[in-house]
Amino acid sequence: MSHYQNTYRRSLDQRDAYWAEQAAQLHWDRPWDRVLDDSRPPFYRWFPGGRLNTCYNALDRHVDGGRAEQAALIYDSPLAGVVKSYSYRELRDAVALFAGALRQQGVQTGDRVVIYMPMVPEAAIAMLACARLGAVHSVVFGGFAAPELAKRIDDAQPVLIVSASCGLEPGRTIAYKPLLDQAIELSTHKPSRCIVLQRPQCAASLIAGRDVDWQAALASATPADCVSVAATDPLYVLYTSGTTGKPKGVVRDHGGHAVSLVHSMNVVYDTQPGEVFWAASDVGWVVGHAYIVYAPLLQGCTTVMYEGKPVGTPDAGAFWRVIAQHRVKTFFTAPTAFRAIKKEDPQGELLKQYDLSAFKALYLAGERSDPDTIRWAQQLLKVPVVDNWWQTELGWPAIANCRGVEEKPVKPGSASVAVPGYDIRVLDAEGGELDAGEIGNLAIKLPLPPGTLPTLWNNEAGYRDTYLSRYPGYYLAGDAGYVDEDGYWWVMSRIDDIINVAGHRLSTGAMEEVLAGHPDVAECAVIGVADALKGQLPVGLVVLKAGVSRSPETVCKELVERVRQEIGAVAALKQVAVVARLPKTRSGKVLRATMRAIADGASYNAPATIDDPKTLEEIAAALHGLGYAGAKG
Ligand code: COA
Ligand code: AMP
């Protein structure tokens with residue numbers, strides 16, 4: 001057996017011993033009673049009885065262990081024109097002081113704190129300060145509009161919200177405070193305090209009695225020590241898109257999370273203490289939680305926090321500049337960022353200006369890596385390019401080339417092999433296991449490894465129904481794919497209404513709810529169509545109510561604006577067409593997959609149960625009008 005095979009088999013066959021060894025790399029205030037509590041399937045808990053503090057393990061442990069003066073976090077913002085480095089000691093002190101401020105403002109262990117912030121170091125400081133107190137953070141991505149923030153406030157019920165005066169996007173400053181105020185107005189639950197970081201680009205007005213300036217909160221605070229919590233206590237809740245407009249609150253525990261992330265740095269990302277790791281994502285996504293904040297710090301690395309874009313800040317050489325300047329060893333981003341660079345600088349001319357001698361590997365995730373992008377990156381950078389598949393729910397990679405164990409040959413288009421800890425299967429509709437090469441539903445045999453979601457926030461029934469009911473004994477991933485004869489996994493598409501736009505996970509169901517709320521709309525469908533840059537883009541098709549006299553153009557413009565206001569700019573719904581009717585089966589099911597195939601110019605067969613085949617021609621014409629549809633029906 002190869003080294004990878006040995007490690008992989010051991011992770012499943014000697015599961016408890018394998019994970020106990022991984023856990024031994026962290027500092028525990030009290031050891032666990034059992035590695036895995038499997039007394040209540042399908043619900044499992046890792047390291048019950050164990051006590052630890054995630055912030056201690058991410059910061060204090062390294063300060064005490066000789067890394068006090070090593071850079072812990074480098075903030076690099078071409079948008080703000082700032083580069084600032086924090087040593088482990090400086091970051092620990094900043095976090096301890098902000099934790100003291102949170103406590104002074106009433107935050108206690110177990111309380112929730114919503115963090116709605118741009119990519120500034122204070123976002124990471126706020127997250128780690130919550131971890132220090134044993135408070136549960138829930139970070140909301142800055143590209144979400146007020147109603148989305150309100151939904152998360154109502155679900156998480158935070159005692160306090162941490163925010164900033166503004167975020168920076170190329171060419172515009174986004175005032176966060178009015179969005180925060182609007183969200184609190186919309187939400188039923190009201191936090192008692194908001195701490196607001198004033199950025200120099202824009203001043204926020206504070207509401208007396210509720211809002212506290214970040215600096216003022218620090219001025220009256222004393223540093224707080226780490227609070228020891230149970231390994232099974234929640235560290236954070238991160239909301240992610242489901243099939244409806246209600247986001248799902250993925251819960252992450254302390255113990256399993258810390259163990260799994262250190263494991264992933266060794267096994268998957270092959271990055272050791274003292275080395276520089278950069279994930280160009282956002283703290284609002286799971287990649288940002290895991291690989292901007294927690295994993296690099298738990299591993300004693302230097303993490304880079306980048307407030308900028310792959311192109312336009314100032315050019316398509318921005319990534320190479322950051323890699324060279326901070327001597328990044330391991331770089332992680334979404335394939336869409338590479339497609340954006342390739343579009344602007346196809347020959348990679350800008351790369352020639354930089355010394356990338358410290359750079360050893362590129363990791364891509366968040367959406368399928370198309371073979372063209374992989375090959376382009378391989379040829380240009382001359383380092384391994386590693387696709388890795390995972391999800392918010394899992395928290396760390398489940399399929400990857402495990403370079404820390406054994407580097408496998410790359411097959412562009414496949415995310416490679418199962419990561420130790422994950423027993424992945426391909427199942428048919430009835431739950432039968434499919435042979436190599438046959439496409440089916442990806443499912444992971446329970447128990448899931450440490451670090452994966454133990455439940456949904458305040459919604460165990462939702463957790464069971466969404467993920468565990470379809471195939472008893474398995475977790476349903478929501479993706480379709482297959483495994484080949486060599487054990488390589490090919491993840492092809494979602495099996496639900498989730499789409500992936502520029503590496504951002506979005507729900508077409510949520511967008512349909514917004515369109516359907518417009519007074520002129522009778523019914524609607526949103527489909528994800530293929531896009532060369534962003535992977536997918538949402539397109540809306542709406543049927544207007546009888547008697548609507550306003551022009552379709554006006555209504556479509558309002559619908560685009562409505563999605564921007566209700567969900568946020570990140571939804572990127574820019575195209576809507578009015579159609580006379582939607583194609584449906586005789587039982588009334590809207591044929592979204594067929595419309596998607598038409599839009600993508602893929603071949604399709606009209607289902608035998610279609611109500612009226614002519615509707616497909618009408619849809620093809622409408623999509624054609626939007627610039628899509630090679631219609632090969
Ligand atoms: N706060 C406020 N608005 C935001 C935002 C934030 N944090 N992030 C994005 N937006 C806005 C953008 O300004 C844009 O607004 P616009 O419609 O007015 O132009 C909109 O949301 C869509 O953003 P995005 O999908 O990011 O598109 P883009 O055209 O700005 O950039 C890429 C395209 C490919 C350069 C960009 O998506 C990118 O760098 N992606 C990397 C992938 C990534 O980070 N994935 C995260 C998971 S790993
Ligand atoms: P998120 O929860 O935002 O990380 O999105 C998870 C979803 O993104 C997965 O269920 C997949 O549909 C998709 N995805 C993420 N990474 C990959 C990948 N490497 N290959 C294919 N799809 C991916």
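Below, each value reflects all heavy atoms present in this structure, side chains not excepted, and no hydrogens, waters or symmetry copies.
- Here the OG-CD1 distance, from Ser507 to Ile498, works out to 6.5 Å after rounding to the nearest 0.5 Å.
- Geometrically, Lys411 engages Tyr488 in a cation-pi contact defined by less than 6.0 Å to the ring centre and at most 45° from the axis.
- Each ring pair (Phe, Tyr, Trp, His ring centres under 6.0 Å) pair with one or both residues in residues 332-355, not counting sequence neighbours, appears once here: Tyr269-Phe332, Tyr291-Phe332, Trp320-Phe338.
- Asp387 and Trp389 share no donor-acceptor pair across their side chains, judged by distance under 3.5 Å alone.
- If you look at Tyr363 and Phe331, their ring centroids are not closer than 6.0 Å.
- Under the 3.5 Å distance criterion, with hydrogens and angles disregarded, no donor-acceptor pair is assigned to the side chains of Arg152 and Tyr239.
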Where do His504 and Thr336 land on the side-chain contact (heavy atoms from CB on, under 4.5 Å) test, with the steps shown first?
CA-CA 10 Å; His504 308 312; Thr336 190; over 6 Å; no

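- Heavy-atom minimum distance, Ala175 versus Cys202: CB-SG, 4.3 Å.
- A salt bridge links Glu307 to Arg199: one of the charged nitrogens lies within less than 4.0 Å of a carboxylate oxygen.
- Between the side chains of Thr333 and Tyr306, not a single donor N or O lies within less than 3.5 Å of an accepting N or O.
- Ring-plane geometry between Phe141 and Phe144 is classed as perpendicular, the angle between the planes exceeding 60 degrees on a 0 to 90 degree scale with a lower cut at 30.
- Ring pair His289/Tyr294: centre-to-centre distance not below 6.0 Å.
- A centroid separation of less than 6.0 Å is found between the aromatic rings of Tyr422 and Trp396.
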Is there a side-chain hydrogen bond (donor to acceptor under 3.5 Å, both in side chains) between Asp370 and Thr373? Walk through the geometry before answering.
CA-CA 6 Å; Asp370 55 290; Thr373 302; 2.7 Å; yes

